[in-house]
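Heads up: the structure comes next, in structure tokens.
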2 protein chains.
Amino acid sequence: MTAPESSAPRLRGRPRSPATDAAIIEAALRLLEEGASVGGLSIEGIAREAGVGKATVYRRWPDKNALLLDVLRSLEEPGPEPSGVSVRDDLVAILEFMRRRGLAKRNSALLRNVITQMHAHLELWRAYDETVIEARRTALRAVLRRGQETGEIRTDVDLELLADLFTGPMLSRAILHEWKELPEGLAERIVDAVLHGVAPAPRADAPG
Amino acid sequence: MTAPESSAPRLRGRPRSPATDAAIIEAALRLLEEGASVGGLSIEGIAREAGVGKATVYRRWPDKNALLLDVLRSLEEPGPEPSGVSVRDDLVAILEFMRRRGLAKRNSALLRNVITQMHAHLELWRAYDETVIEARRTALRAVLRRGQETGEIRTDVDLELLADLFTGPMLSRAILHEWKELPEGLAERIVDAVLHGVAPAPRADAPG
DNA sequence: CTAATACGAGACGGCCTCGTATCGTAAGTC
DNA sequence: GACTTACGATACGAGGCCGTCTCGTATTAG
């Protein structure tokens with residue numbers, strides 16, 4: 001859904017080219033991949049990269065934020081459906097999805113650039129946060145809650161903290177390190193380590 | 001150490017004011033706190049904010065990167081010294097240090113803004129990474145290795161993964177969420193959860 | 001005192017971007 | 001064919017920042 005405006009069914013003249021829509025989005029992604037910062041992106045530069053007139057961009061999006069929001073949305077993928085069988089496997093699937101997203105250089109560069117600069121463009125961040133991130137977090141929370149009900153996960157740990165314990169290691173790698181640092185099998189290793197702990201013996205001297 | 005140049009001992013005329021050095025650094029920090037992006041910072045704007053002529057800035061730093069590097073360095077703190085007694089307590093100390101750093105609004109905004117945009121300004125990022133981050137990671141690795149030797153930490157988990165399991169949850173909160181999300185006691189809760197696992201019973205059905 | 005340098009202020013030409021407007025042309029509807 | 005809109009290209013004035021330079025003044029050494 002990269003169509004910026006589908007409300008007004010213009011019938012009279014030459015219709016807008018969907019290929020041009022895509023070319024503009026693609027150009028923005030290409031620039032971001034190449035290390036451009038969100039703040040450094042310019043409509044002018046995007047139009048140039050897309051081989052398109054500026055007016056063609058302004059005809060579709062009123063300003064940079066609106067365009068960037070569509071750029072972000074163009075990267076959305078459905079996300080894994082929880083199998084409902086093993087909570088452990090569902091967690092692995094969620095983290096593996098994150099890993100593969102972070103691996104795609106396109107997403108990684110975007111993640112890094114976007115996540116922080118968004119806080120400067122607060123409207124943009126909130127829109128992205130509410131539409132994309134919150135949905136994922138809700139799905140994760142549901143899996144975790146199911147785990148608590150089935151006894152696979154302790155109930156004396158805050159649900160938010162649980163979520164961060166699983167996703168934090170994967171996210172911090174994707175954001176801070178290079179994409180090289182997301183090897184195959186990482187999702188499973190994280191999930192199992194967090195589930196069973198990194199202390200060797202199930203000793204009963206836990207201070208809680 | 002915010003003195004940009006201490007090599008040439010100018011003796012003839014009026015000496016440079018250290019207060020002006022500080023005022024410039026302070027102005028840059030203030031702008032970053034207020035949500036300015038690294039790319040959006042301008043020498044001109046910093047000079048304006050500092051109530052200082054542009055030439056006064058250029059007299060000290062050759063370009064924006066050099067100035068920003070000194071801005072980053074001005075935020076460095078020594079970091080916790082491992083007690084050497086309990087590995088668990090040392091880990092808590094390290095994470096608690098991270099938490100307090102992330103809490104200072106100044107650092108949090110910087111973290112977010114800097115960490116990503118750095119990848120655009122690669123030289124800047126590498127300098128920061130090598131001088132600050134790598135030192136911290138080395139200290140953390142030492143603690144973890146000691147834990148493996150004393151038997152407090154399993155030896156069948158990669159050292160890098162171990163580090164991320166502990167720091168990832170704290171970092172992802174500091175970067176992604178607001179500073180509100182770093183409550184007191186978070187360091188302990190993360191460390192204990194990662195150490196003992198979030199699965200309730202030490203069941204032996206781990207698949208590998 | 002004089003000489004040397006730092007200081008705040010800001011002028012300067014150059015570059016880039018903004019958002020708008022105007023070309024001539026292309027591609028549709030009626 | 002007539003009309004309408006999209007298209008690429010480009011010009012426009014406004015404005016920000018760059019890095020250099022020049023003011024008049026302030027602060028130090030000798």
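Below, chains carry the letters A, B, ... as their sequence lines are ordered, and counting in each starts from 1. Treat the numbers as computed from the prediction; the structure is a model and nothing was measured.
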Salt-bridge contact B:Asp164-B:Arg137 (side-chain N to carboxylate O under 4.0 Å): yes

Start with the C-alpha gap between B:Met170 and B:Glu96, add the side-chain angles, then the distance that decides, and say whether side chain to side chain contact (heavy atoms under 4.5 Å, CB included) holds. CA-CA 9 Å; B:Met170 186 70 80; B:Glu96 176 63 14; 5.9 Å; no

Is it true that B:Glu152 and B:Arg146 make a salt bridge, defined as a side-chain N closer than 4.0 Å to a carboxylate O? no

Over how many whole Å does the gap from B:Ile46 atom CD1 to D:dG16 atom C1' extend? 15 Å

May I ask you to decide whether A:Glu134 forms a salt bridge with A:Arg141, counting only side-chain N to carboxylate O separations under 4.0 Å? yes

Tell me whether the side-chain N/O atoms of A:Thr56 come closer than 4.0 Å to OP1 or OP2 in D:dG8. yes

To the nearest angstrom, the CG-P distance between B:Asp21 and C:dA6 comes to 12 Å

Nearest-nucleotide wise, let me know which of B:Ala55 and A:Thr20 is further upstream toward the 5' end of DNA chain D. A:Thr20

Working for side chain to side chain contact (heavy atoms under 4.5 Å, CB included), residues A:Val57 and A:Lys64: CA-CA 10 Å; A:Val57 180; A:Lys64 201 163 74 178; over 6 Å; no

Which nucleotide in the list D:dC7, C:dG28, C:dA6 gets nearest to the side chain of A:Pro15? C:dG28

NA contact type, B:Ala47, heavy-atom cut-off 4.0 Å: base, sugar-phosphate, or nothing? nothing

What's touching nucleotides 23-26 of chain C from the protein side, N or O pairs under 3.5 Å?
from: C:dA26; atom 1: N3; to: A:Arg14; atom 2: NH1; distance (Å): 3.1

Should B:Arg16 and B:Asp21 count as an ion pair when the cut-off is N to O under 4.0 Å? no

Is A:Arg60 near enough to D:dC7 that one of its side-chain N or O atoms lies under 4.0 angstrom from OP1 or OP2? yes

With a 6.0 Å cut-off (strictly less than), is the heavy-atom count around CD of B:Glu81, excluding the residue itself, greater than 12? no

May I ask you to evaluate whether A:Arg12 reaches the phosphate of C:dG28, defined as a side-chain N or O under 4.0 Å from OP1 or OP2? no

Kindly give the atom pairs (protein nitrogen or oxygen, nucleotide nitrogen or oxygen) under 3.5 Å for nucleotides 17-19 of chain C.
from: C:dT17; atom 1: OP2; to: A:Arg48; atom 2: NH2; distance (Å): 3.0
from: C:dC18; atom 1: OP1; to: A:Ile43; atom 2: N; distance (Å): 2.9
from: C:dC18; atom 1: OP2; to: A:Ile43; atom 2: N; distance (Å): 3.2
from: C:dC18; atom 1: OP2; to: A:Glu44; atom 2: N; distance (Å): 2.8
from: C:dG19; atom 1: OP2; to: A:Tyr58; atom 2: OH; distance (Å): 2.5
from: C:dG19; atom 1: N7; to: A:Lys54; atom 2: NZ; distance (Å): 2.9
from: C:dG19; atom 1: O6; to: A:Lys54; atom 2: NZ; distance (Å): 2.5

Is the backbone N or O of A:Ile25 less than 3.5 Å from a side-chain atom of A:Asp70, with the two atoms forming a donor-acceptor pair by type? no

For A:Arg30, I'd like to know if atom CZ has over 12 heavy atoms of other residues, nucleotides or ligands within 6.0 Å. yes

Whole-Å distance, B:Ile24 CD1 to C:dC7 C1', equals 11 Å

